[in-house]
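Below is one structure; the comments refer to it alone.
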Amino acid sequence: MLNDAVAPEIVPAAGSDKDAPLKEDIRLLGRLLGDVLREQEGDAVFNVVETIRQTSVRFRREADADAALELDAMLKELSREQTISVVRAFSYFSHLANIAEDQHHIRRRRAHLLAGSPAQKGSVSFALRKLRLAGVPRKTVDTFFQDALIAPVLTAHPTEVQRKSILDAEHDIARLLVERDLPQTPKERHANMQLLRSRVATLWQTRMLRYSKLTVADEIENALSYYRITFLRELPGLYDDIEDDIAAEYPNGDGTIEPINAAYVQMGSWIGGDRDGNPNVNAGTMQHALARHATTILDFYLDEAHALGAELSVSTLMVGVSAELQALADQSPDASPHRSDEPYRRALIGIYARLAATARALGATNILRKEVGAAAAYPDAAAFVADLRTIVASLESHHGAALVRPRLATLARAADIFGFHLASLDMRQTSDVHERVLADLFAKSGVAADYTALSEEDKQALLLNELAQPRLLYSPYIAYAAETDSELAILRAARGIRQRYGARAIRNYIISHTETVSDLLEVLLLQKETGLLRTDWQTGDSICELMVIPLFETIPDLQRAAGIMSQVMALPLVKQLIAKQGQLQEVMLGYSDSNKDGGFLTSNWELYKAELALVADFQKAGVKLRLFHGRGGTVGRGGGPSYEAILAQPPGTVNGQIRLTEQGEIIASKFSNAEIGRRNLELLVAATLEASLAPQEANPARNGQLAQFEAVMAQLSDLAYHAYRHLVYETPGFTEYFFSATPIAEIAELNLGSRPASRKANQRIEDLRAIPWGFSWGQCRLLLPGWFGFGSAIETWINQADGAAKDDRIATLRAMYAEWPFFATLLSNMDMVLAKTDLAIASRYAELVADQGLRERIYKRITDEHGNTLRCLELITGNTERLAGNPLLARSIQNRFAYLDPLNHLQVELIKRNRALSAESRIDERVHRGIQLSINGVAAGLRNTG
């Protein structure tokens, strides 16, 4: 693993010249890690690591039973200290391989651009060219960008295993690898190598794990690191690139179209506002989140304003300025005679002073660079933007257009995008809590003795009647349940946050487990109780500050979604509120719970059907639909490549409006490198642009075959649902098998996040959160939620026919794969999951199940279905190898196995030790640490397991 002799294990096949730099980088990093391991731990540990790696390779390649016995014996003999060192070595190698691969992706993309090759699929320029060739006019494109909202929403979840310190060190290593691609003198090359060695040594000496429970404040800081690395500069830069792409692709515009000033990509966050199942989130965490958001963005603005002041040394002795700019300069607290002829500097000194005052007013406590003099805080971000635009306009009208880009234009763009709030914080709570809070308010106000006992019809009538009353239910002189006080305090805090940081700081309230119309009306009433919904009782005109967004999660919820929304949107009050929202309403669809509830195939199908039904009902109501996709990292939780997923959405479901969650370690994978982060943001924009404006006729499946395909999919879904449910919920002993054969119990007790792994303190799969459910299956390398049920469904459906009809059914499935993006994307994602699935490793985890009969019975069910799924996938696609259409990813996955496998074997051994100690009511912190290190390493190696 760690020296030149074995490095070819982890590099692409010989003869692939374009991948030679990747091979060199991985060899280099592996050698450096090996050197550090020898220096820090000694030759003995290094040799143990190599022996384990080689034995693991033999176990994989030859299915060698002797190798398995050797490996098992070897791992049992490791001391606690050796075990930690070995786990760390393999874990860090996974991290270093990720860095090398990321840099190679960037290298290949740059080579593509330097060669003047055609625009790549997934780029905005590619999407624009496709639209232009399809006859989409420039004005339509510009209107799209003026009206669109594309919002990645960062969330914190129990599978996030990266520490910021580790991310910072890895960021340095990535930067140093980039430098090695540049011409360097021998001295520079030597210095680069020394720095790389020191950074790898820093990694080795840095604690990879958290020894204390992660707090919400920690999660907020982790998320903010990605803004500093990527979003603050790359998002405004992407806007500039897109404007250039539009001008290049549509060069003959008539000049009458307004420039695109809208913030069509905006960041969202759940961290600090998502209360569903997390008792650690409250009014205080929301206020803390926004204070940290504001401090982060204002620090950025202050740094940029200071740098601009140094750069814009323009003198009025040389060139004129606008009257507006001169007035801005005259308002500056800077009265130095040395700058009397430098109005831009004086204006920026004044802007800096106002920003510093704003930062203090919004919660910043440490302004590193003191302002020249006092100035009034900005009332809002729009006033700051106006000052920047005054500078831009003056420069452009006085021969200074070249001075606008990049810094000033980027700062003005950033102010449009981020305001003083940085990211919109969503609020989320489960419907059960709202019901309990209102039951308390109703009972103590004498309005309804037992609200929870009312029928749905009576609940709706009561809620609508109360919404029409000018008085409140709440009284400051009555004692309420602690939960009631807490929830009302949170809503009051939201109102204060909006007043302090701007309306975009918090604008959405998401209701988990939305099952009825009353679930939405309850949140409207709670907003009324806290001043967020206000009515002019003379005119009857109402305004609601937070959009109430239902989250439909389980299979039954998805099936009811369109009906619930139709009823809600027909209510006069809701109609009025939707009109105030720009005739737009958002609906969130939860991928995770529907998958845990019904399996991969059925979840995807029910989501697809729900979207189509929502589109139809929203069109009838004359309301624009914005879908919020609660995608997870894994395919089993709705993950997979975002670009393909957006293009595979049913017709009419995008329309320039889309929000989607980015979760767990996927955030680090996508956004811990600035250039890769920018590419991922561009993919979202390109896919949304193409899905919204590309003519639908371009998809042959929509010309007559789609109805047939959907009918087949409905049958397959029903078969897959029953196969999945029968295993997970109806097979005696399956819960015991799951809790024994995966590290779910260890994940639940380790410091991976602020949110509990289960909604309730039990071992019911129904109450387990979907995230640790999927994460656990990934750790044991079965990834069951991403494929189970598919093979049974396909095989049964084909065999339901007789004779030649079977061939017809196979032909239909192949046509679905070739012509229907939804089905093709579904199979592509499953293909990736199966490429990462490994039954040999999974068999080691199965050995953790003490009951041999139970173990053999259930493991055979799983392996039989795995075989069926592989055969059926090959039958439909014609590919006998996994990821045949993506050889780069296939090589990446295969090359990782030799380094992932030892981590899995070590994890199994550590779990055995931990459970044996637990049976004796003993705890060994080193064993705990080893398990968590192995979890970190496996997650890093698989890259989308959370």
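Just the heavy atoms: all of them, side chains too, but no hydrogens, waters or symmetry mates, feed the values below.
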Extract all donor-acceptor atom pairs below 3.5 Å that involve side chains of residues 283-291 and protein atoms in other chains or at least two apart in sequence.
residue: Thr285; atom: OG1; partner: Gly272; partner atom: O; Å: 3.0
residue: Thr285; atom: OG1; partner: Asn282; partner atom: N; Å: 2.9
residue: Thr285; atom: OG1; partner: Asn282; partner atom: O; Å: 2.8

**Q.** Gln527: partners by side-chain hydrogen bond (donor to acceptor under 3.5 Å, both in side chains), with sequence neighbours left out
**A.**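 Not a single residue meets the side-chain hydrogen bond (donor to acceptor under 3.5 Å, both in side chains) criterion with Gln527.
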Q) With sequence neighbours left out, what residues match Glu611 under side-chain hydrogen bond (donor to acceptor under 3.5 Å, both in side chains)? A)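 Partners of Glu611 under the side-chain hydrogen bond (donor to acceptor under 3.5 Å, both in side chains) test: none.
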Can a donor-acceptor pair be found, under 3.5 Å and without considering hydrogens, that links the side chain of [X] to the backbone of [Y]?
{"X": "Gln663", "Y": "Ala156", "result": "no"}
{"X": "Asp485", "Y": "Ala482", "result": "no"}
{"X": "Arg471", "Y": "Glu466", "result": "no"}
{"X": "Asn595", "Y": "Tyr591", "result": "no"}
{"X": "Arg498", "Y": "Ala503", "result": "yes"}
{"X": "Gln649", "Y": "Ala645", "result": "yes"}
{"X": "Ser740", "Y": "Glu736", "result": "yes"}
{"X": "Thr514", "Y": "Ile511", "result": "yes"}
{"X": "Glu730", "Y": "Leu727", "result": "no"}
{"X": "Thr731", "Y": "Val728", "result": "no"}

Q.
I'd like to know if Glu522 and Lys459 make a salt bridge, using a cut-off of under 4.0 Å between side-chain N and carboxylate O.
A.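 Here Glu522 does not pair with Lys459 in a salt bridge, since their nearest N and O are not under 4.0 Å apart.
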**Q.** Cationic N near anionic O, under 4.0 Å, Arg275 to Glu487
**A.**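 Answer for the salt bridge query: yes.
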Just verifying a value: how many Å separate [X] [atom1] and [Y] [atom2], rounded to the nearest 0.5 Å?
{"X": "His513", "Y": "Asp557", "atom1": "NE2", "atom2": "CG", "value": "7.5 Å"}
{"X": "Glu553", "Y": "Leu589", "atom1": "CD", "atom2": "CG", "value": "10.0 Å"}
{"X": "Glu529", "Y": "Leu472", "atom1": "CD", "atom2": "CG", "value": "4.5 Å"}
{"X": "Ser717", "Y": "Lys609", "atom1": "OG", "atom2": "NZ", "value": "6.5 Å"}
{"X": "Phe618", "Y": "Lys624", "atom1": "CZ", "atom2": "NZ", "value": "12.5 Å"}
{"X": "Leu491", "Y": "Thr530", "atom1": "CG", "atom2": "OG1", "value": "4.5 Å"}

Q: List for me each residue that meets ring-ring contact (aromatic ring centres under 6.0 Å, His included) alongside Phe671, sequence neighbours excluded, and say none if there are none.
A: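 Scan of Phe671 (ring-ring contact (aromatic ring centres under 6.0 Å, His included), adjacent residues dropped) gives Phe231.
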**Q.** Counterpart residues, ring-ring contact (aromatic ring centres under 6.0 Å, His included), relative to His434 (two or more places apart)
**A.**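 Listed in chain order: Tyr509.
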Q: Please assess Glu435 against Thr452 for the test side-chain contact (heavy atoms from CB on, under 4.5 Å), listing each intermediate value before the final yes or no.
A: CA-CA 7 Å; Glu435 184 181 60; Thr452 60; 3.8 Å; yes
Close side-chain approach of [X] and [Y], heavy atoms under 4.5 Å:
{"X": "Tyr451", "Y": "Arg436", "answer": "no"}
{"X": "Trp270", "Y": "Val153", "answer": "yes"}
{"X": "Pro152", "Y": "Leu684", "answer": "yes"}
{"X": "Ser542", "Y": "Leu577", "answer": "yes"}
{"X": "Ser776", "Y": "Ile747", "answer": "yes"}
{"X": "Thr295", "Y": "Leu362", "answer": "no"}
{"X": "Arg659", "Y": "Ile549", "answer": "yes"}
{"X": "His421", "Y": "Arg504", "answer": "yes"}

Is a side-chain donor-acceptor pair under 3.5 Å present for [Y] with [X]?
{"X": "Asp458", "Y": "Ser455", "result": "yes"}
{"X": "Ser518", "Y": "Glu456", "result": "yes"}
{"X": "Ser512", "Y": "Thr430", "result": "no"}
{"X": "Lys620", "Y": "Ser566", "result": "no"}
{"X": "Asp597", "Y": "Thr554", "result": "no"}
{"X": "Asn655", "Y": "Thr653", "result": "no"}

Q: Could you check Arg492, Arg534, Arg507 and say which one makes a salt bridge (Lys or Arg N to Asp or Glu O under 4.0 Å) with Glu545?
A: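 By the salt bridge (Lys or Arg N to Asp or Glu O under 4.0 Å) criterion, Glu545 pairs with just one of Arg492, Arg534, Arg507: Arg534.
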(Q) Run the side chain to side chain donor-acceptor pair (under 3.5 Å) test on Thr535 and Lys528 for me, step by step, so that the C-alpha distance in whole Å, both residues' side-chain angles and the decisive distance to 0.1 Å come before the verdict. (A) CA-CA 9 Å; Thr535 301; Lys528 173 177 175 275; over 6 Å; no
Q. How far apart are the C-alpha atoms of Asp218 and Thr215, what are their side-chain angles, what is the distance that settles it, and do they pass the side chain to side chain donor-acceptor pair (under 3.5 Å) test?
A. CA-CA 5 Å; Asp218 294 328; Thr215 67; 3.0 Å; yes
Q: Among Thr661, Thr155, Asn508, find the residue that satisfies the side chain to side chain donor-acceptor pair (under 3.5 Å) test when tested with Asp426.
A: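 For Asp426, the side chain to side chain donor-acceptor pair (under 3.5 Å) check succeeds only for Asn508.
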Q) Ile220 and Asn222: side-chain contact (heavy atoms from CB on, under 4.5 Å), yes or no, with the steps? A) CA-CA 5 Å; Ile220 291 166; Asn222 285 349; over 6 Å; no
Once the angle between the rings of [X] and [Y] is folded into 0 to 90°, is it parallel (under 30°), tilted (30 to 60°) or perpendicular (over 60°)?
{"X": "Tyr737", "Y": "Phe734", "answer": "parallel"}
{"X": "Phe738", "Y": "Trp777", "answer": "tilted"}
{"X": "Tyr480", "Y": "Tyr474", "answer": "parallel"}

**Q.** Stepwise ring pair (Phe, Tyr, Trp, His ring centres under 6.0 Å) check, Tyr724 with Phe600
**A.** CA-CA 9 Å; Tyr724 174 86; Phe600 169 68; over 10 Å; no
Q. Among Ile510, Asp276, Ile490, which one satisfies side chain to side chain contact (heavy atoms under 4.5 Å, CB included) with Met427?
A.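 Passing option: Ile490.
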Q.
Is it the case that over 12 heavy atoms from other parts of the model lie below 6.0 angstrom from the CD atom of Glu457?
A.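 Open: at most 12 neighbouring heavy atoms sit under 6.0 Å from CD of Glu457.
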Q: Might you confirm whether atom NZ of Lys580 has over 12 heavy atoms from other residues, nucleotides or ligands at distances under 6.0 Å?
A: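 Yes.
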Listed pairs under 3.5 Å, donor-acceptor, residues 438-447 side chains, sequence neighbours left out:
residue: Asp440; atom: OD1; partner: Lys444; partner atom: NZ; Å: 3.0
residue: Asp440; atom: OD2; partner: Ala481; partner atom: N; Å: 2.9
residue: Asp440; atom: OD2; partner: Thr484; partner atom: OG1; Å: 2.7
residue: Lys444; atom: NZ; partner: Ala479; partner atom: O; Å: 3.0
residue: Ser445; atom: OG; partner: Leu441; partner atom: O; Å: 2.8
residue: Ser445; atom: OG; partner: Phe442; partner atom: O; Å: 3.1

